[in-house]
Amino acid sequence: MLAPCALRSLLCVLSCAWLQTGAASRLKSPALPIQSEREPVPSKGLSGCSFGGRFYSLEDTWHPDLGEPFGVMHCVQCHCEPQKSRRGKVLGKVNCKNIKQDCPDPDCDDPILLPGHCCKTCPKGDSDNKQTDSVLDTFDYFHEKSKEKEDDLHKSYNDRSYLSSEDLAPGESRTDFVAVLTGVTDSWLPSSSGVARARFSLTRNSLAFSITYQRMGRPSRIVFLDSDGTAAFEYKVPKGQSEMICGVWKSVPKALLRHLQTEQMRITMTTSANKREEVEGKIIKHRALFAETFSSTLTSEDENSGMGGIAMLTLSDTESNLHFILILQGLIRHKQKEPFVVPIRVELVYRQHILREILANITSHDPDFAEVLTDLNSRELFWLSRGQLEITVTTEGQDPRRISGFITGRKSCDTIQSVMSSGDALTPGKTGGVGSAIFNLHDNGTLDYQVQVAGLTSEVVGLTIELKPRRRNKRSVLYDLTPEYNQATGLATGSWSRLEARHIHMLLQSELFINVATAHSQEGELRGQIKALPYSGLEAPRHELPVPLAGSFVSPPVRTGASGHAWVSVDKHCHLHYEIVVAGLSKTDDLTVNAHLHGLAEIGELDDSSTTHKRLLTGFYGSQAQGVLKDISVELLQHLHQGTAFIQVSTKLNPRGEIRGRVHVPNDCEFGARAEVEEAEFDDFFVKDPEELKKDPHTCFFENQHHAHGSRWTPNYDKCFSCSCQKRTVICDPVICPVLTCSRTVQPQDNCCPVCDDKKEPKDMKAPEKVEEHPQGCYFEGDQKIHAPGTTWHPFVPPFGYIKCAVCTCKGSTGEVHCEKVTCPKLTCSHPVRRNPADCCKECPEEERTPAGLEHSDMMQADGPRHCKFGKNYYQNSDNWHPWVPLVGEIKCINCWCDHGVTKCQRKQCPVPSCFPTTRREGSCCPECVGKQ
């Protein structure tokens with residue numbers, strides 16, 4: 001029997017990833033959603049993964065058992081990865097990988113495949129005692145690294161070691177990496193005394209990095225090296241005085257993502273030619289990055305030493321214990337292949353006075369070290385908060401080496417900010433007000449703040465930074481900002497200079513809140529969580545207060561519990577960069593085109609005339625959105641310059657805007673249109689150049705042409721199809737024409753769908769009221785096409801194709817696109833069916849319908865045999881096929897067939913072998929005796 005639970009689990013886990021891993025472009029029928037199945041629920045409070053009817057703990061690995069006739073997939077390994085939900089709960093996510101391509105090459109001429117193994121090995125002999133499954137270690141790196149660090153992280157904050165403080169949108173899991181860069185000792189240049197610490201955050205295929213450096217000049221360039229030492233990406237460092245370097249490597253190729261995940265990449269930094277220095281380090285994963293709130297970069301006082309290290313530190317949740325992990329580099333000089341033990345002394349120092357001392361041993365091959373300093377007293381905690389504690393590491397012996405550094409709050413390019421909304425108040429409301437705040441933490445523990453509020457129901461009586469309330473409405477105030485608040489401007493600017501170490505720790509773990517109390521709401525009208533906004537690489541000045549977005553700014557005002565803020569800037573090319581954060585957006589239970597779409601962000605002009613132009617910026621799938629808008633009109637650029645433009649976020653409950661803010665961005669783009677055209681033509685030259693497209697790893701090759709990732713086109717073979725390129729995969733969907741209500745239609749020559757023939761409508765029919773049509777029609781972001789005024793269509797949402805459950809219309813008077821969900825008719829039958837897998841509405845079966853309903857009998861006979869669904873494919877009755885399993889491919893040793901709607905599969909019967917050992921040749925289904933020709 002087929003085990004549908006396990007097989008569906010594997011299909012659900014791998015289907016989306018498979019769409020993006022094809023080695024060549026392939027033509028696909030419309031993708032159909034895989035229905036989620038109900039898995040067994042683990043005991044309350046236990047996090048893990050459900051797969052194939054079984055529950056696995058976090059970090060567990062296993063080979064999926066698909067049941068008979070498939071059995072255990074030995075060449076597929078699944079891993080229960082920890083993920084953080086938007087509410088802060090740790091959940092498990094199943095990730096499965098094919099490990100066959102990483103099998104080692106056997107040293108013998110005739111390797112054999114043993115039962116229950118994935119990789120071939122040599123027959124029994126001296127060289128055959130190696131564990132054939134050692135290749136699995138390549139994919140166990142994160143699991144093994146986690147196990148090795150279990151003792152390092154300690155119980156008191158081990159639960160947080162998986163967590164990240166960012167509120168990510170669905171499907172945007174974030175992985176953190178770190179690197180210690182020290183002087184290159186085997187270079188022709190003198191070894192540098194400089195030390196740099198680089199922190200990386202991988203979201204999808206974008207790698208953001210924050211780098212600090214000491215004892216070296218400002219670097220001029222940063223180079224990422226692959227496993228062969230070849231330059232994979234170069235970043236030119238902009239000139240400046242800051243010791244923080246921020247950058248993003250966008251669209252990292254998939255092959256290099258694998259190198260990154262398996263810790264095979266390195267990073268180098270070099271300074272200018274005047275005094276050329278170079279530092280280099282390996283990029284690694286580390287669980288402690290999720291919990292780190294304090295850090296230190298360790299350097300040596302010796303010139304050209306090539307030594308350095310970093311310390312990652314955090315406080316216990318309830319006790320005054322300081323946990324730390326040291327990553328050391330260049331401290332131990334050795335040429336021996338065998339590891340040896342090196343004694344070290346770790347000291348906690350305040351103004352050359354030793355406060356704590358730890359003696360330990362490290363090995364030459366694994367110089368990392370972890371320990372905990374228990375029960376820090378009040379003075380030690382005070383010095384920690386002020387950045388006055390120093391950590392030193394010294395090797396013991398004849399030639400002692402020493403590195404040291406001061407401990408400060410964790411540094412990164414992320415922005416500490418907060419959006420305050422009435423929907424997040426302790427007593428939630430819908431006032432239409434907004435609060436916005438940004439913070440900057442200094443090394444000495446001082447916290448600078450800028451706060452603005454607007455749209456409140458009454459005057460502000462309290463502005464405070466607080467802890468999460470211990471009991472309902474029992475607030476815990478840490479710091480009062482009210483004295484700095486100006487009632488006239490709605491601003492509060494100042495510094496909090498007495499942060500305790502515990503406060504810094506909680507700030508960087510997103511455990512603090514900011515509360516706005518008013519005369520009408522004494523406990524708080526607005527409230528927001530203070531958390532880090534990940535660096536995205538956009539040229540928006542985050543050090544400046546953002547534009548507040550509130551319901552009170554909409555015309556007419558909207559009483560909503562939502563609010564937000566946005567950073568907006570215009571670069572020298574007259575391109576608009578934006579970054580928006582929202583809180584408390586209205587949601588409904590009516591899930592239409594996309595279940596995760598919370599709203600739409602737009603930019604436009606503050607003008608009440610009918611000629612107001614609005615541009616869609618992006619759709620909201622979480623609490624954050626960012627991007628670049630290039631083709632901006634001169635009029636909109638002028639409105640931005642004059643401060644008469646706005647940004648607004650619309651939702652289904654408030655389609656004309658739920659929150660809005662006035663935008664003022666001074667710019668000198670008075671000839672923006674000309675600059676835009678030149679820039680567009682310049683960009684198009686590179687996009688359309690076949691030679692450039694060939695170099696792009698995401699390019700698709702289809703009908704003898706290269707297409708850029710994200711592009712859409714009508715194929716030559718059929719104008720009634722629409723194709724798109726999604727990371728080397730071509731997806732073509734048939735155009736689905738909406739049902740027309742007019743009596744006469746015509747077929748335009750260049751259009752796939754018929755349209756109503758207004759000229760030939762009967763005279764007795766009431767003509768619709770004439771509306772002045774928008775001359776250019778409507779531009780729809782989904783299919784990137786201009787639609788004629790008055791036309792209707794099903795929206796195209798890549799990579800899912802046409803959505804038949806929604807119909808869009810081009811409003812001729814305004815040029816706006818209006819989309820609404822299709823309303824399905826009520827059915828009287830007891831067992832409705834979906835006649836076609838892509839249909840939106842169910843219908844009554846043919847035997848339960850009236851004779852008038854038989855007009856579509858040519859599409860599907862109701863009394864005919866039922867079809868079968870296997871994976872994403874549909875098969876007619878009596879069809880035969882070999883099943884295709886993700887990461888494994890087609891299994892030719894198993895035959896499946898459709899038996900009146902029921903899929904049945906059976907493995908090819910093999911005779912029982914009369915010998916041992918046995919092997920299986922490539923392409924053969926049955927085992928054979930070793931040595932048989």
Side-chain angles (χ1 to χ4, degrees), residues 152-154 156-157 180 193 195-197 212-215 243 288 291-302 305 307-329 331 343-360 362 367-396 400-411 440-448 478-479 495-509:
D152 302 350
L153 293 172
H154 301 281
S156 56
Y157 75 97
V180 183
S193 302
V195 179
R197 174 228 167 91
T212 57
Y213 56 94
Q214 294 185 20
R215 299 211 65 194
E243 292 185 356
E292 179 190 22
T293 50
F294 295 90
S295 64
S296 178
T297 301
L298 311 179
T299 62
S300 171
E301 295 182 356
D302 298 337
S305 64
M307 296 186 299
I310 63 171
M312 296 181 286
L313 309 95
T314 192
L315 284 173
S316 301
D317 285 338
T318 56
E319 302 169 330
S320 298
N321 298 336
L322 183 64
H323 307 256
F324 67 89
I325 293 178
L326 301 175
I327 301 180
L328 310 175
Q329 193 163 295
L331 198 63
I344 62 170
R345 183 174 70 255
V346 182
E347 297 172 336
L348 193 66
V349 179
Y350 171 71
R351 293 184 178 177
Q352 300 183 345
H353 294 285
I354 299 175
L355 305 177
R356 307 284 184 107
E357 183 179 74
I358 298 173
L359 300 177
I362 59 174
D368 295 3
F369 174 71
E371 190 50 84
V372 56
L373 299 172
T374 60
D375 298 326
L376 268 66
N377 58 43
S378 59
R379 288 184 306 166
E380 292 170 332
L381 289 171
F382 175 80
W383 294 328
L384 174 64
S385 69
R386 296 298 180 266
Q388 296 175 344
L389 286 186
E390 187 178 11
I391 188 168
T392 69
V393 182
T394 309
T395 59
E396 304 278 86
R401 299 173 181 271
R402 183 179 183 272
I403 55 177
S404 62
F406 284 94
I407 304 172
T408 63
R410 185 191 69 215
K411 300 176 183 178
N440 182 32
L441 180 65
H442 296 277
D443 290 348
N444 62 1
T446 298
L447 182 69
D448 295 338
L478 285 182
Y479 185 71
S495 298
W496 179 10
S497 59
R498 296 186 178 181
L499 265 77
E500 298 178 5
R502 173 67 58 191
H503 299 157
I504 296 175
H505 171 82
M506 299 181 76
L507 172 73
L508 298 178
Q509 285 292 330

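Hydrogens, waters and symmetry mates play no part in the numbers below; they use all other heavy atoms, side chains included.
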**Message:** Let's go through R356 and E390 carefully: what are the C-alpha distance in whole Å and the side-chain angles of both, what is the deciding distance for salt bridge (charged side-chain N to carboxylate O under 4.0 Å, His left out) to 0.1 Å, and is it a yes or a no?
**Reply:** CA-CA 11 Å; R356 307 284 184 107; E390 187 178 11; over 6 Å; no

**Request:** Carefully, step by step, assess L499 and T446 under the rule side-chain contact (heavy atoms from CB on, under 4.5 Å).
**Result:** CA-CA 7 Å; L499 265 77; T446 298; over 6 Å; no

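- Residues passing the salt bridge (Lys or Arg N to Asp or Glu O under 4.0 Å) test with R401, sequence neighbours excluded: D399.
- At a threshold of 4.5 Å between non-hydrogen side-chain atoms, the residues L384 and F294 count as touching.
- No salt bridge links D302 with R402; every basic N to acidic carboxylate O contact stays at or beyond 4.0 Å.
- Shown here are the side chain to side chain contact (heavy atoms under 4.5 Å, CB included) partners of Y350, two or more places apart in sequence or in another chain: L355, W383, Q388, L389.
- Under 4.0 Å is where a charged nitrogen must lie from a carboxylate oxygen, and between E319 and R502 no such pair does.
- The side chain to side chain donor-acceptor pair (under 3.5 Å) check on S495 picks up D448, with sequence neighbours excluded.
- Here the side chains of F324 and V346 are in contact, with some heavy-atom distance below 4.5 Å.
- By the 4.5 Å heavy-atom criterion applied to side chains, Y479 and H503 are not counted as neighbours.
- For R215, the salt bridge (Lys or Arg N to Asp or Glu O under 4.0 Å) criterion is met by E303, not counting sequence neighbours.
- Taken to the nearest 0.5 Å, the CG atom of D368 stands 8.0 Å off from the CD1 atom of I325.
- Note that OG1 of T299 is 5.5 Å distant from CD of Q214, once rounded to the nearest 0.5 Å.
- Annotation: side chain to side chain donor-acceptor pair (under 3.5 Å) contacts of S497 (sequence neighbours excluded): none.
- Using a 3.5 Å distance cut-off with no hydrogens or angles, the side chains of T314 and H323 do not pair a donor with an acceptor.
- In this structure, the separation between CD1 on I403 and CG on L326 is 8.0 Å, given to the nearest 0.5 Å.
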**Message:** Using the rule given for side chain to side chain donor-acceptor pair (under 3.5 Å), can you reason through E500 versus S385, listing the C-alpha separation, both sets of side-chain angles and the distance that settles it, and then say yes or no?
**Reply:** CA-CA 6 Å; E500 298 178 5; S385 69; over 6 Å; no

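- Annotation: side chain to side chain donor-acceptor pair (under 3.5 Å) contacts of T392 (sequence neighbours excluded): E347.
- Legend: residues meeting ring-ring contact (aromatic ring centres under 6.0 Å, His included) with F382, ordered by chain and number and at least two apart, are absent.
- Among residues two or more places apart in sequence or in another chain, the side chain to side chain donor-acceptor pair (under 3.5 Å) test is passed with S296 by none.
- Side chains of T395 and L331 form a contact here, defined as non-hydrogen atoms less than 4.5 Å apart.
- Proximity of a side-chain donor or acceptor of N321 to a complementary backbone N or O of D375 within less than 3.5 Å is detected.
- For the residue pair E243 and T212, no side-chain donor N or O sits within less than 3.5 Å of a side-chain acceptor on the partner.
- Atom CG of residue L348 and atom CD1 of residue I358 lie 8.5 Å apart, to the nearest 0.5 angstrom.
- With sequence neighbours excluded, the residues that form a salt bridge (Lys or Arg N to Asp or Glu O under 4.0 Å) with E357 are R345.
- From H442, atom NE2 reaches atom NZ of K411 across 11.5 Å, with rounding to the nearest 0.5 Å.
- With sequence neighbours excluded, the residues satisfying side chain to side chain contact (heavy atoms under 4.5 Å, CB included) with N377 are R379, E380.
- Side-chain contact between R386 and R498: present, with at least one pair of heavy atoms (C-beta onward) separated by less than 4.5 Å.
- Interatomic distance, F369 CZ to I344 CD1, rounded to the nearest 0.5 Å: 5.5 Å.
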